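Okay, so here's the structure we're looking at.
Nothing fancy with the numbering, it's 1 onward along the sequence. Model, not experiment: these values are computed from the prediction.
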Amino acid sequence: MLSLAPGAAFAGGPARGRAGSAPAWPLYRDTIAIDGAGGTGLLWFEDDAAATAAELDAIRASGLTAAVLTIAPSGRFWLDDAAFEKTRATLAKWDAIVARHPAHLLAVRTAADLERARRERRLGLIYTFQGTESLGEDADRIALFRGLGVRVIQLTHNRRNLVGDGCMEPGNAGLSNFGREVVARLNAEKIVVDVAHGSARTMAEGIAASTAPPLISHTGCRALADLPRNTDDATLRALAEKGGVAGIIFWPYLRTDTQPMAEDVIRHIEHAIDVCGEDHVGIGTDAGVAPVARTPEFEKDNREWVAGAVEDGVFERGRPPDLYTFIPDLNTADRFDTLAMLLSKRGHSDARIDKILGGNFARVMRDVWG
């Protein structure tokens with residue numbers, strides 16, 4: 001999930017892009033580039049014209065085709081219908097934002113919308129939940145939310161919910177009976193199942209229960225960084241066997257010691273390719289499209305946020321106090337293009353890079369949505 005404290009500084013950073021000039025990777029403008037866990041801060045900047053303009057500039061500079069955007073609350077226990085009502089209200093707000101910026105944004109409902117977004121140079125927004133709290137105890141709400149445009153649903157966040165355990169739960173329980181019902185309904189309603197943030201058992205059982213290709217939208221490889229938010233090789237292989245895709249995250253989970261950099265993103269991409277094949281790896285940054293403006297105020301707020309994340313167990317103790325939930329040497333709007341160039345220099349083929357940037361995610365979405 002995008003971190004709100006660092007995210008507050010998204011607008012105003014350098015939106016470096018190559019509009020009007022050659023991309024770093026020559027095929028970038030023709031590829032479908034999808035951030036499996038990303039989005040834009042436009043919801044936060046509704047009353048700030050300058051910040052909105054900067055965000056729209058970053059969207060254009062990014063060259064992204066689509067981003068899987070979280071529109072539901074998660075990360076804590078929700079009582080009664082609070083999450084349900086909040087989600088419906090947020091959905092309406094995002095629909096209004098898309099309608100206000102038709103030159104920059106497109107609500108993605110079908111696989112054809114992905115191609116339209118690429119062709120028209122707009123950012124397609126794919127609505128998702130990071131957790132099933134908005135369903136309450138009612139799996140029938142899945143059909144309702146599909147009607148409202150939701151196309152991907154993640155089963156859990158870090159904590160336990162009615163579907164299963166999140167990755168921070170020591171009990172490591174798997175899917176509940178209700179969780180199996182939810183997976184079956186997601187398959188029936190042609191909504192992509194996402195098992196990111198799940199406990200090891202929840203992820204494995206969610207993949208096994210799904211009859212359609214699932215996602216681990218944003219994660220790292222546990223073989224390289226043994227942390228609860230990362231995915232072990234056995235689960236990556238099981239995901240590949242179901243035709244799914246794992247998106248490599250840009251958070252500090254890529255290392256257990258210092259701040260990860262672009263080389264660490266590439267290490268995790270290459271390990272995932274070795275384990276489950278080039279058809280099953282993507283990118284899920286868990287960051288906004290716009291770069292972060294690293295002002296003194298941001299640095300202060302970020303250190304406070306990291307300290308709180310350590311107290312909450314999100315990051316383990318002993319990590320540097322200035323960790324960032326972005327990759328410093330990819331802190332530009334055109335980071336996917338830059339990463340493609342770096343992968344090309346490493347000897348990866350154009351066809352493989354095309355798959356990693358978004359082709360693999362697009363294939364799962366076509367398969368599931370029909």
- Note on the structure: Closest heavy-atom pair, A72 versus S134, reported as atoms and distance to 0.1 Å, is CB-OG, 3.6 Å
- Task: Using the rule that two of Ile, Leu, Val, Met, Phe, Trp, Tyr join whenever any of their side-chain heavy atoms come within less than 4.5 Å, decide whether L224 and I269 are in one cluster.
- Result: no
- Task: Check step by step if side chain to side chain donor-acceptor pair (under 3.5 Å) holds for S344 and D350.
- Result: CA-CA 7 Å; S344 182; D350 288 342; 4.6 Å; no
- Task: Would you mind reporting whether I266 and L343 have side-chain heavy atoms less than 4.5 Å apart?
- Result: yes
- Message: With no hydrogens and no angle check, just 3.5 Å: does a side-chain donor-acceptor pair link T202 and D165?
- Response: no
- Note on the structure: Nearest heavy-atom approach of I71 to V150 is CD1-CG2, 4.3 Å
- When you look at CG of N177, are more than 12 heavy atoms from neighbouring residues, nucleotides or ligands closer to it than 6.0 Å? no
- Message: I'd like to check the ring-ring contact (aromatic ring centres under 6.0 Å, His included) partners of Y253; sequence neighbours left out, ordered by chain and number.
- Response: W251, F315
- E189 CD to R146 CZ distance, which is reported to the nearest 0.5 Å: 7.0 Å
- Run the numbers on T258 and R255 for side chain to side chain donor-acceptor pair (under 3.5 Å), then give the verdict. CA-CA 6 Å; T258 57; R255 298 187 67 93; 3.1 Å; yes
- Task: Kindly give the cluster partners of M261, where membership spreads through any ILVMFWY side chain lying under 4.5 Å from a current member.
- Result: none
- Message: Run the salt bridge (charged side-chain N to carboxylate O under 4.0 Å, His left out) test on R29 and D337 for me, step by step, so that the C-alpha distance in whole Å, both residues' side-chain angles and the decisive distance to 0.1 Å come before the verdict.
- Response: CA-CA 9 Å; R29 288 177 182 160; D337 183 24; over 6 Å; no
- Query: Is there any ring pair (Phe, Tyr, Trp, His ring centres under 6.0 Å) pair reaching into residues 90-133, and which pairs are they, with sequence neighbours excluded?
  - Reply: F129-F145
- Do S62 and D334 get their side chains close enough for a donor-acceptor pair, meaning under 3.5 Å? no
- Message: Are the side chains of H280 and R237 in contact, using a 4.5 Å heavy-atom criterion?
- Response: no
- Does the side chain of L175 come within less than 4.5 Å of L155's, by heavy atoms? yes
- Apply salt bridge (charged side-chain N to carboxylate O under 4.0 Å, His left out) to R109 and list each qualifying residue two or more places apart in sequence or on a separate chain. D95
- Item | Residues that T156 engages under side-chain hydrogen bond (donor to acceptor under 3.5 Å, both in side chains), provided they are two or more places apart | none
- Do T40 and E55 meet the criterion of a side-chain donor-acceptor pair at a distance under 3.5 Å? yes
- Side-chain hydrophobic cluster, 4.5 Å single linkage: members besides L106: none
- Note on the structure: Residue set satisfying salt bridge (charged side-chain N to carboxylate O under 4.0 Å, His left out) with E241, at least two apart, ordered chain then number -> none
- Would you find more than 12 non-hydrogen atoms of other residues, nucleotides or ligands less than 6.0 Å from D257 atom CG? yes
- Are any of the side-chain heavy atoms of P214 and L239 separated by less than 4.5 Å? yes
- Query: What is the minimum heavy-atom distance between A333 and P291, and which atoms define it?
  - Reply: N-CD, 3.9 Å
- Message: Among residues at least two apart in sequence or on other chains, which ones pass side-chain hydrogen bond (donor to acceptor under 3.5 Å, both in side chains) with T256?
- Response: none
- How close do D279 and V245 get, heavy atom to heavy atom, and via which atoms? O-CG2, 4.1 Å
- Spatial distance of atom CD1 (I283) from atom CZ (F336) [nearest 0.5 Å]: 4.5 Å
- Query: Are V193 and V108 in one and the same hydrophobic cluster, where Ile, Leu, Val, Met, Phe, Trp and Tyr link if side-chain heavy atoms are under 4.5 Å apart?
  - Reply: no
- Query: For T325 and D286, what are the C-alpha separation, side-chain angles and deciding distance, and is it a side chain to side chain donor-acceptor pair (under 3.5 Å)?
  - Reply: CA-CA 8 Å; T325 58; D286 208 11; over 6 Å; no
- Item | salt bridge (charged side-chain N to carboxylate O under 4.0 Å, His left out) between R267 and D264, worked out | CA-CA 5 Å; R267 279 195 316 122; D264 297 295; 3.2 Å; yes
- Knowing that exactly one of I207, V275, N230, T219 qualifies, which makes a side-chain contact (heavy atoms from CB on, under 4.5 Å) with T235? I207
- Item | Residues in salt bridge (charged side-chain N to carboxylate O under 4.0 Å, His left out) contact with E297, at least two apart in sequence or another chain | none
- Note on the structure: Taken in chain and number order and not counting sequence neighbours, the residues that satisfy salt bridge (charged side-chain N to carboxylate O under 4.0 Å, His left out) with R201 are E205
- Note on the structure: For G198 and C167, the nearest pair of non-hydrogen atoms, with its separation, is O-CB, 3.5 Å
- Message: Rounded to the nearest 0.5 Å, what separates atom OG1 in T211 from atom NZ in K242?
- Response: 7.5 Å
- Message: Going by side-chain hydrogen bond (donor to acceptor under 3.5 Å, both in side chains), name the residues that satisfy it together with D30, two or more places apart in sequence or in a different chain.
- Response: none
- Query: Can you tell me how far SG of C221 sits from NE2 of H271, rounded to the nearest 0.5 angstrom?
  - Reply: 5.0 Å
- Query: For Y324, is the NZ or CZ atom of R294 found under 6.0 angstrom from the centre of its six-membered ring and inside 45 degrees of the ring axis?
  - Reply: yes
- Considering all heavy atoms of both residues, which atom of L105 and which atom of L42 are nearest to each other, and what is their separation? CD1-CD1, 3.7 Å
- Task: Test salt bridge (charged side-chain N to carboxylate O under 4.0 Å, His left out) on E278 and R352 and set out the steps.
- Result: CA-CA 6 Å; E278 67 180 36; R352 171 179 285 179; 2.7 Å; yes
- Task: Please check if atom CZ in R346 has more than 12 non-hydrogen atoms from other residues, nucleotides or ligands closer than 6.0 Å.
- Result: no
- Item | E133 vs R159, salt bridge (charged side-chain N to carboxylate O under 4.0 Å, His left out): CA-CA, chis, key distance, verdict | CA-CA 11 Å; E133 286 79 1; R159 300 176 78 169; over 6 Å; no
- Item | side chain to side chain donor-acceptor pair (under 3.5 Å) assessment of Q130 paired with T70 | CA-CA 6 Å; Q130 286 201 39; T70 300; 2.9 Å; yes
- Spell out, yes or no, whether L69 and V368 are grouped together once hydrophobic residues are joined by side-chain heavy atoms under 4.5 Å, including indirect joins. no
- With sequence neighbours left out, write down each residue that passes side-chain hydrogen bond (donor to acceptor under 3.5 Å, both in side chains) with Q259, or none if nothing qualifies. none
- Note on the structure: The reported gap from CE in M365 to CD1 in I191 (rounded to nearest 0.5 angstrom) is 12.5 Å
- Connected via hydrophobic side-chain network under 4.5 Å: L254 and I273: yes
- Query: When rounded to the nearest 0.5 angstrom, what distance separates CG in L114 from CZ in R119?
  - Reply: 11.5 Å
- Task: Identify whether L357 and V152 are in the same connected component of the hydrophobic contact network (ILVMFWY, side-chain heavy atoms under 4.5 Å).
- Result: no
